[in-house]
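Notes for the one structure printed next.
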Amino acid sequence: MTVGLEHYLFLGALLFVCGALCMATKRNAIGVLIGVELVLNGASINLIAFSHYNPAFEIEGMIFTLFVIVLAAGEAAVALAIVLNFYNNHTTVDVDTAEELKG
Amino acid sequence: MQEILFWVIALLTSVSAIATVVTQNIVRAATWLLFALAGTSGIFFLLGADLVGAIQLLVYVGGTLVLVVFGVMLTAQGPFINMKTSGAEYAVSTIVGATLMTVLVLAALSLRKPADEQYTLSEEYRLGVPLAEGSGTLGDPRHPLVKYAPKERLIKLKLEREEVKRSFKEKIEKATSEETQAELIEERDRALGRLAYEDRMHTLAAYAPTDRLVKLTPQRLKVVRDYKKKIEDAPSAEAKAELAEERDLALRRVTNREAATSPYTMAIGQGLLGRPVGPAHVEVVDGVRKVTRTHYLFPFEIVSVHLLVVLIGAAYLARAKRRKTQSPLIAGGPEARP
C-alpha cells in the first residue's frame, strides 16, 4: 500500500484529536499543557505533509512549522510559570477548582 | 522501505498519543508525550524535512519537554499524580473526539478531488514530456510554480514563442502543396514543444526541490513516443483509452525505477537507519574531484537518543528519590498544609 498525503493527514488528525481530548479530559493543568503540545504537533505534521506533496508550498510549510515549534516552546514556558505560581498560591494544579489566579 | 518506516513510526506516534490521553498518571502522560514528539520528528525526517525534524528534536523534545517534565516533577505530589476524570466526562469527550476525527478524516479524503479539478495539469505536465504547445509550463497559469517565475522569464518565453510562430508562418504561406504545409505545421509544433520542454526543465531545475525533480530520461520519452503512435493507429476510442492506460502504467514503472535508483528521492527514509543520503556534492580539492555526501543525520540521531535516555533516567531518579523521603507536610494532601 503506497503511502500518500492522506496517510500523513490521518496521522495529523489523530494527534490533533488526541490533543483536544487531552485538553478536555485532564484535570491536571500540566495535562492540559501536554494536550496543547499534541495539537500543535498534529498541525505541524499537516504543514510538513503539504509542503512535501505540493512543491509550491515547500518553504512556507517548513517555515510555519519552525514558527509553531518555537511558539510552543514559548507557550510551554509561560504556561508552566503560571501553573507553578498557581500551585504556590493554592497548593493545587486541578483546573476544575481553579477559579481565581491571585492567591 | 519508506512505507515500512512510515507505518512503524506512525504506529509508534499514534499509540503514544492515545496513551497520553488514556493514562491517568501525569508522569506517564509526560513520558508518552515524549515518544509522540520523537515519532513526529521521525515523520518529518521521512517527509524530507531534515532541518525541521532536527529542530523538532532539539527544541521540542530537548527543551519544551524538559520544561513539562520539570513542571510535572515540581507539582506531581500526592493526589496530583493520579487525577481521575469522571465517567460521564469521558463519555462526552469520546463522542466529541470521534466526531472531530470523522470530520478531519472526511476532509482529508475529500481533499484530492477538488484539488484535481482545480489543478488538472495538462497531458504534457502529467507525462513529463511535451505533447502540445504552451501547456504545463510557465505559459500555463495553472502551473503550480508560475507564481515564482520572474516576469522577465515569462516575457522572454512569450517573445521566443512568437519568434518561432512568425518564422514558420511565412514558410507555411509560401508552401506549394498541402503536404508540405502540413509537414511545416508539424515541424512548428515540434519547435514550440521543444521550447516548452526546455522551459519546463529550466523551471523545474530552478524552482523545484532537487529531491523531487523527476528526471525526464530518454526511457520516458521513448515510452511516450511509442505509445503515441500506437494510440493514433488504434481503431476505436476504447482501444485508445486502453492504450493510454497501459502507457501510464509503463510510465509509472519507469518513474519507479528512476526513483528507486535515484540517490535522493526514495533513499531519504533510509537516512533514519544510517544509510548516507542527500545530494552528492562534487568538490575539487587540489585539482582532484571528490564526491562528498551530507550524512549528518545518523550521528545526530545517536546524540538525540542519548539525550532522551538521559531525560528518562533523570525523571526516574527524581521520582525514586522523592518516594523515600516524602515530606510529611505533603503526605496528607493539600489540606494538610498550613
Side-chain angles (χ1 to χ4, degrees), chain A residues 1-22 24-31 33-35 37-38 41-42 44-45 48-49 51-58 61-62 65-66 69-70 72-73 75-77 79-80 83-84 87 90-94, chain B residues 2-3 6-7 10 13-14 17-18 20-21 26 29-30 33 36-37 40 43-44 47-49 51-52 55-56 59-60 63-65 67-68 70-72 74-76 80 83-85 89-90 92-94 96-97 100-101 104-105 107-109 111-112 144-145 147-148 207-209 212 334 337:
Chain A
M1 198 174 164
T2 37
V3 174
L5 176 61
E6 298 97 334
H7 297 87
Y8 289 100
L9 295 189
F10 292 157
L11 184 63
L14 186 85
L15 277 181
F16 187 92
V17 170
C18 280
L21 285 190
C22 204
T25 55
K26 288 265 189 286
R27 279 169 59 207
N28 195 322
I30 291 165
L33 197 62
I34 287 174
E37 305 291 337
L38 276 178
N41 263 272
S44 309
I45 288 183
I48 292 287
S51 86
H52 181 79
Y53 284 97
N54 189 348
F57 295 108
E58 165 111 15
M62 292 193 184
T65 311
L66 291 184
I69 290 172
V70 173
E75 167 253 313
L80 268 176
V83 169
L84 288 181
Y87 180 73
H90 296 269
T91 52
T92 180
V93 284
D94 191 346
Chain B
Q2 202 181 10
E3 278 154 28
F6 170 80
W7 289 115
T13 313
S14 37
I18 292 166
T20 311
V21 182
I26 189 68
L33 178 72
L37 295 184
T40 310
I43 292 287
F44 290 170
L47 282 171
L51 179 74
V52 182
I55 287 179
Q56 163 98 359
V59 177
Y60 235 120
T64 310
L65 205 76
L67 271 182
V68 172
F70 248 117
V72 168
L74 285 174
T75 60
F80 302 129
M83 285 173 113
K84 291 271 182 293
T85 313
E89 244 173 68
Y90 252 122
V92 171
S93 43
T94 310
V96 171
L100 188 56
M101 188 71 197
L104 288 175
V105 165
L109 282 177
L111 185 80
R112 196 132 278 183
L145 298 171
K147 67 170 175 162
Y148 294 114
Y207 303 104
R212 232 161 299 133
R337 289 186 75 161

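Owing to the predicted nature of the structure, the values given are computational and were not obtained by experimental measurement. Here is the naming used below: chain letters follow the sequence lines, and residue numbers restart at 1 for every chain.
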Intermediate values then yes/no, side-chain contact (heavy atoms from CB on, under 4.5 Å), B:Met101 and A:Phe16: CA-CA 9 Å; B:Met101 188 71 197; A:Phe16 187 92; over 6 Å; no
Working for side-chain contact (heavy atoms from CB on, under 4.5 Å), residues A:Ile48 and B:Ile43: CA-CA 9 Å; A:Ile48 292 287; B:Ile43 292 287; over 6 Å; no
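Taking each heavy atom of A:His52 and B:Leu47 in turn, the nearest pair found is ND1-O, 2.7 Å. Heavy-atom minimum distance, A:Leu38 versus B:Ala36: CD2-CB, 4.0 Å. In plain terms, the two heavy atoms of B:Leu100 and A:Ala20 that are nearest each other are CD2-CB, 4.2 Å. In terms of heavy-atom proximity, A:Met62 sits nearest to B:Ala49 at CE-CB, 3.6 Å. Taking all atoms of both residues into account, the shortest heavy-atom contact from A:Ala76 to B:Leu67 is C-CD1, 4.4 Å.
Within the 4.5 angstrom heavy-atom criterion, atoms from both the backbone and the side chain of A:Ile34 approach chain B. Of the atoms belonging to A:Tyr8, heavy atoms from both backbone and side chain fall under 4.5 Å from chain B. When heavy atoms are compared at a cutoff of 4.5 Å, A:Ile69 approaches chain B by way of both its backbone and its side chain. With a 4.5 angstrom heavy-atom cutoff, B:Leu33 touches chain A only via side-chain atoms. Residue contact with chain A, scored on non-hydrogen atoms closer than 4.5 Å, involves the backbone and the side chain of B:Ala29 alike. There is no contact between A:Ala79 and chain B, counting heavy-atom distances below 4.5 Å. Only the side chain of A:Leu11 comes within less than 4.5 Å of a heavy atom of chain B; its backbone N, CA, C and O stay farther away.
Of all the listed residues (B:Val105, B:Thr75, B:Val59), the one sharing the greatest number of non-hydrogen pairs under 4.5 Å with chain A is B:Thr75. Of the listed residues (B:Val96, B:Val92, B:Thr94, B:Leu74), the one with the most heavy-atom contacts under 4.5 Å to chain A is B:Leu74. Highest contact tally toward chain B, considering only A:Asn28, A:Leu15, A:Leu33, is held by A:Asn28 [criterion: heavy-atom pairs under 4.5 Å]. The most heavy-atom pairs under 4.5 Å with chain A, out of B:Ala30, B:Gly97, B:Gly63, come from B:Gly97. Comparing A:Asn41, A:Leu80, A:Leu66, A:Asp94 by heavy-atom pairs within less than 4.5 Å of chain B, the highest count is held by A:Asn41. Contacts with chain B were tallied for A:Gly42, A:Ala13, A:Gly19; A:Ala13 has the most, counting heavy-atom pairs under 4.5 Å. When B:Val52, B:Val68, B:Leu104, B:Leu65 are compared by the number of non-hydrogen pairs under 4.5 Å with chain A, B:Val52 comes out ahead.
The CD atom of B:Glu89 sits 8.0 Å away from atom CZ of A:Arg27, with the distance rounded to the nearest 0.5 Å.
Under the rule for a side-chain contact (heavy atoms from CB on, under 4.5 Å), the partners of A:Thr25 that lie at least two apart in sequence or sit in another chain are B:Val21, B:Thr85, B:Tyr90, B:Ser93. Looking at residues two or more places apart in sequence or on another chain, you find a side-chain contact (heavy atoms from CB on, under 4.5 Å) between A:Ser44 and A:Thr65, A:Val68, B:Phe44.
With contacts defined as side-chain heavy-atom distances shorter than 4.5 Å, the pair B:Tyr60/A:Glu37 qualifies.
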